[in-house]
Amino acid sequence: MNVEKIMQKLEQKNPGEVEFLQAVREVLESIEEVVNENPQFEAANIIERITEPDRIFTFKVQWVDDKGNVHVNRGYRVQFNNAIGPYKGGLRFHPSVTLSILKFLGFEQIFKNSLTTLPMGGAKGGSDFDPKGKSNAEIMRFCQAFMLELWKHIGADVDVPAGDIGVGGREIGFLYGMFKKLAGEHNGVLTGKGRNWGGSLVRPEATGFGNVFFAQEMLKTRGQSFAGKTVAISGFGNVAWGAAIKATQLGAKVLTISGPDGYIYDPDGISGEKIDYMLELRASNNDVVKPYSYEFPNAQFHQGKKPWEVKVDIALPCATQNELNGSDAKTLVANGCICVSEGANMPCTPEAMEVFLENKILYAPGKASNAGGVGTSGLEQSQNAMKLSWSEKEVEEKLHQIMVNIHESCVKYGKEEDGFVNYVKGANIAGFMKVANAMLDQGVF
Ligand code: NDP
Ligand code: 2IT
């Protein structure tokens, strides 16, 4: 297998899809060796097949705002690969959404879902709708209009969407209500549902909790733990919130959160009521973290800056793709950071990743470290199928075990001769092998 040749072909086939091509290159570079050792993959043309989505739906979403103005957005669902289970992956509502972004996310999701050990294929969807400044009623009408098209393509055993940026419990509620109305069915077609109507306990916290559990496993390999460590978190959404809770519970001090407007540095630590306040900030739909510094005056707001300039032991990027670049990575390493665990999808640029690997710090790619979110979605599907619900303790234990297992898989495939674990390589190979073998088993159709 020749990565450059394959990439050239993919660039021609997917022109301008920068994020998608970035995600594919990372995977191909990691799996080159195992593909060369397993000629059956090339014989079945697995690489070309796994980099082409099974199908992509795009649709018009028309909705009316509170003043009576009519708006048009574009909706998408990318069903990428269902070799190991029904399509599964989140929905993102953000003005930056393009097909390239959803294809990168859907592609990542194939390997992430494979790593969870649960039977889930890879998919992603969303819209360029901007939730910023929208009223509750507008969000509801948009979600209903979106589902009016999407419902034809999804189902509990077909494709199971969930949340992502801009889609949390409220949006899943509106989407589910409309699905139920249209399909006349009450089932596990979406995950991240409310706890009184089929949702799993711990799903809201799961991505952030899982990320911290994964980092905890990485730290253990060097005889370290979260106790007494300082942590920089980016973002102030669902994932950042869960990560802040768990890191604090394990005895660390969370010093930062961030939004598109800048970052907050809180020398006293972001814990307790301050974490609850993050939820209020996010629910305001205002896209800013600055108000935190009015609410808690010891905290400083750094306009237009990123949290990676703060001296910390552990960094948890939990906002969005490519938010941590090579120069941020160098600053973190120079400041003594020992562990970077991705809560977001692909938040570190390839240059940043290179810096972490060269310096041999503990570094986990999102498809391993943020898999606790979709892992717990898988647990929600299991509970829905059995028509029962597990206690908080049971779900958290299962989530913890999933993250421990993913860590083991990464070590299995990523441990180098000198003992250093390349988690990027480990995650990509472990995720790929299972899906590729399933594709071989099932033949060409
Ligand atoms: P939310 O919408 O809850 O939060 C996203 C956060 O990132 C918001 O605070 C958002 O602000 C902020 N943000 C967006 N762009 C920037 C930027 N350029 N700089 C700083 N902050 C920014 O989404 P989630 O927490 O659910 O998602 C965060 C990341 O985690 C995404 O990469 C997502 O794909 C990933 N993820 C999510 C999972 C889940 O279960 N929800 C599971 C696994 C991964 P704003 O939107 O106001 O711009
Ligand atoms: O990126 C992700 O893994 C998610 N947004 C969660 C997907 C899911 O189906 O729970």
Side-chain angles (χ1 to χ4, degrees), residues 19 85-97 101-102 104-113 115-116 118 120-126 130-133 159-172 188 190-193 199-200 202-211 233-244 256-264 278-279 281-289 304-308 316-324 342-348 366-381:
E19 296 85 1
Y87 300 106
K88 179 85 195 89
L91 296 171
R92 177 177 291 192
F93 292 169
H94 198 270
S96 64
V97 162
I101 288 189
L102 297 180
F104 118 64
L105 289 163
F107 184 73
E108 289 284 290
Q109 203 80 42
I110 304 172
F111 308 101
K112 184 196 305 196
N113 293 2
L115 285 168
T116 64
L118 302 173
M120 300 182 288
K124 201 81 186 191
D130 187 358
K132 187 176 164 186
D159 181 358
V160 182
D164 194 79
I165 292 179
V167 179
R170 175 183 56 173
E171 291 75 16
I172 294 292
L190 295 171
T191 58
K193 299 185 289 298
S200 176
V202 194
R203 176 61 187 90
E205 298 90 338
T207 311
F209 276 24
N211 186 22
I233 293 181
S234 62
F236 67 113
N238 176 264
V239 179
W241 165 76
T256 70
I257 52 170
S258 73
D261 53 334
Y263 78 90
I264 291 288
M278 278 170 76
L279 286 182
L281 262 184
R282 190 73 193 119
S284 74
N285 273 356
N286 280 332
D287 217 5
V288 285
V289 284
K305 293 275 175 64
K306 296 193 273 186
W308 318 126
L316 305 176
C318 297
T320 194
Q321 64 276 352
N322 292 327
E323 54 156 315
L324 194 163
E342 296 184 347
N345 286 304
M346 208 168 75
C348 298
K367 62 169 75 67
S369 47
N370 74 35
V374 73
T376 307
S377 278
L379 300 177
E380 183 168 321
Q381 288 179 272

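Both ligands and their constituent atoms are indexed starting at 1 by order of listing. Quick caveat, the model's predicted, so the values are computed rather than measured.
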Q: Give the single entry among Gly366, Gly343, Ala371 that approaches atom 44 (C) of ligand 1 most closely by any heavy atom.
A: Gly343
Q: Within ligand 1, which atoms have a heavy atom of Cys318 less than 4.0 Å away?
A: 28 (C), 29 (C)
Q: How does Arg92 reach ligand 1, by side chain, by backbone, by both or by neither, if only non-hydrogen atoms under 4.0 Å count?
A: side chain
Q: Of all residues at least two apart in sequence or in a different chain, which pass the side-chain contact (heavy atoms from CB on, under 4.5 Å) check with Glu205?
A: Val202, Phe209, Trp241
Q: Taking the non-hydrogen atoms of Glu108, is any one of them nearer than 4.0 angstrom to ligand 2?
A: no
Q: Is it the case that the side chain of Glu380 and the backbone of Gly192 share a donor-acceptor pair, with hydrogens and angles ignored and the cut-off at 3.5 Å?
A: yes
Q: Of the protein's non-hydrogen atoms, which lies at the shortest distance from atom 39 (C) of ligand 1, and what is that distance?
A: Thr207 OG1, 3.4 Å
Q: Do Gly163 and ligand 2 have an N or O pair less than 3.5 Å apart?
A: yes
Q: Give a yes/no on ligand 1: does His94 have at least one heavy atom closer than 4.0 angstrom to it?
A: yes
Q: May I ask you to list the atoms of ligand 1 that are less than 4.0 angstrom from any heavy atom of Gly166?
A: 2 (O)
Q: Tell me whether Ala371 reaches ligand 2 (any heavy atom closer than 4.0 angstrom to a ligand atom).
A: no
Q: Counting heavy atoms only, name the option from Ile165, Leu281, Asn370 that's nearest to atom 27 (O) of ligand 1.
A: Ile165
Q: State if Gly259 counts as touching ligand 1 under the rule of any non-hydrogen atom under 4.0 Å.
A: yes
Q: Could you list the residues that satisfy ring-ring contact (aromatic ring centres under 6.0 Å, His included) with Phe93, not counting sequence neighbours?
A: Phe142, Phe146
Q: Please confirm whether Arg92 approaches ligand 2 to less than 4.0 Å, judged on its heavy atoms.
A: no
Q: Using atom types as modelled and distance alone, determine if a side-chain donor or acceptor of Lys88 lies under 3.5 Å from a backbone N or O of Val160.
A: yes
Q: Number the atoms of ligand 1 from 1 as they appear, then name those within less than 4.0 Å of a heavy atom of Phe236, with their elements.
A: 9 (O), 11 (O)
Q: Heavy atoms only, cut-off 4.0 Å: how does Asn345 contact ligand 1, side chain, backbone, both, or neither?
A: both
Q: Judged by non-hydrogen atoms, does Met120 sit under 4.0 Å from ligand 2?
A: no
Q: To which of Lys112, Arg203, Glu380, Gln381 does the heavy atom nearest atom 6 (C) of ligand 2 belong?
A: Arg203
Q: Nearest heavy atom to atom 28 (C) of ligand 1: which of Ala344, Ala319, Gly237 does it belong to?
A: Ala319
Q: Under 3.5 Å, side chain of Arg203 to main-chain N/O of Gly373, donor-acceptor pair present?
A: yes
Q: Hey, which atoms in ligand 2 end up nearer than 4.0 Å to a heavy atom of Ser377?
A: 8 (C), 9 (O), 10 (O)
